[in-house]
Amino acid sequence: MEVVILPGGKPLAVLAADAVEALLRRKPDAVLGLAAGSSPLPVYDELARRHEAGLDFSRARAFILDEYVGLPAGHPQAYREVLRRDFTGRVNISPENVHGPDGLAADLPAACRAFEDALRAAGGVDLQLLGLGTDGHIGFDEPGSSLASRTRIKTLLEQTRRDNARFFGGLAEVPHHVLTQGLGTILEARHVILLAGGALKAQAVRDLVEGPVAAICPASILQFHPHATVLLDEAAASSLRLADYYRHSYDNKPKWQGL
Ligand code: GLP
């Protein structure tokens, strides 16, 4: 796991966008794993800017990490719609190449299986962007999630519903159920880049990077990932025991090594 600590959001976004750009130049039909939430937003802004400057997404494919159950298509907080607004609608990725779990399906387990099948048929995710919940979740894999889980329905913690209420008209409007890629699914992405900022994430970041691997902090499963990058601002990194070591490693990193 590589931990990069930088003062603010924009330089972190540039690093993540560099990784996406390098991937697309090497593999134009790459599979991108997309997370909703505020953390990846500066990355999407940077990629939209690079698209205007010529970066081509026409052959890229995208798989959305998670989705609320029961929000009507086009609902402003349905993740497919959030990601269309924040990213996919701002670059030239074909709408038919954007896949997400179907939170409106009559048969939700079948929709989860269909999503996993589509992901497998696409060859798996090349680069997965992730945020981090204050309770240590990634995707919507809440504490207690099986570390081997696949895409399935989950019930949200009240803490997560409260965290996300700011995007809705109030807590009552936040769904209780979601579909999410499992931790086992996320672990199969070839490269994972997690972004976290702000003091509210500091404890979850500590548990993720330096705690034991345990379902109480689902993100800690990334300690088993062979290529995981954790991009943090100073506040999110403020509880890390080895922060100075991570800074030292990054500052002295061989030039030829990307993320
Ligand atoms: C939601 C999403 C996650 C996201 C998390 C953190 O619960 N399902 O994918 O990482 O929120 O969101 P934010 O980046 O807005 O703090």
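Position 1 is the first residue of the sequence; numbering continues from there. Whatever order the structure lists ligands and atoms in, that order sets their numbers, starting from 1. Scope of the values below: all heavy atoms of this structure, side chains included, with no hydrogens, waters or symmetry mates.
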- Exercise: do D163 and Q159 side chains pair donor with acceptor under 3.5 Å: no

- Heavy-atom nearest neighbour in the protein, as seen from atom 6 (C) of ligand 1, with distance rounded to 0.1 Å: L132 O, 3.5 Å

- Query: Would a line drawn from the ring center of Y68 to the ring center of F167 be shorter than 6.0 Å?
  - Reply: no

- How far is atom 2 (C) of ligand 1 from its nearest protein heavy atom, and which residue and atom is that? Y79 OH, 3.4 Å

- Donor-acceptor pair between S145 and R152 side chains, under 3.5 angstrom: yes

- Query: Looking at atom 12 (O) of ligand 1, what's its closest protein heavy atom, distance included?
  - Reply: G37 CA, 4.1 Å

- Note on the structure: heavy-atom search around atom 3 (C) of ligand 1 in the protein gives G139 O, 3.4 Å

- Item | Whether over 12 other heavy atoms sit under 6.0 Å from H227 NE2 | yes

- Task: Could you list the atoms of ligand 1 found under 4.0 angstrom from a heavy atom of G131?
- Result: 10 (O)

- Item | ligand 1-proximal atoms of R166, by part, heavy-atom distance under 4.0 Å | side chain

- protein heavy-atom neighbour closest to atom 8 (N) of ligand 1 works out as D66 OD2, 2.8 Å

- Task: Could you point out which residue of D135, T134, D141 forms a side chain to side chain donor-acceptor pair (under 3.5 Å) with H137?
- Result: D135

- Between D163 and ligand 1, which part of the residue brings a heavy atom under 4.0 Å of the ligand: side chain, backbone, both or neither? neither

- Considering the options L119, V192, T185, I186, which one meets the side chain to side chain contact (heavy atoms under 4.5 Å, CB included) requirement together with V125? L119

- Query: Would you say I216 has more than 12 foreign heavy atoms packed within less than 6.0 Å of its CD1?
  - Reply: no

- Of all the non-hydrogen atoms in the protein, which one sits nearest to atom 14 (O) of ligand 1, and at what distance? S39 OG, 2.5 Å

- Of all protein heavy atoms, the one nearest atom 16 (O) of ligand 1 is K201 NZ, 2.6 Å

- Task: Could you tell me whether L200 atom CG has more than 12 heavy atoms of other residues or ligands within 6.0 Å of it?
- Result: no

- Please identify which atoms of ligand 1 are closer than 4.0 Å to at least one heavy atom of F140. 1 (C), 7 (O), 8 (N)

- For atom 11 (O) of ligand 1, what's the nearest protein heavy atom and its distance? H137 NE2, 3.9 Å

- Message: Counting only heavy atoms from other residues, nucleotides and ligands, does the tally under 6.0 Å from CZ of F224 exceed 12?
- Response: no

- Message: Would T160 count as being in polar contact with ligand 1, using the rule that some N or O on each side must be under 3.5 angstrom apart?
- Response: no

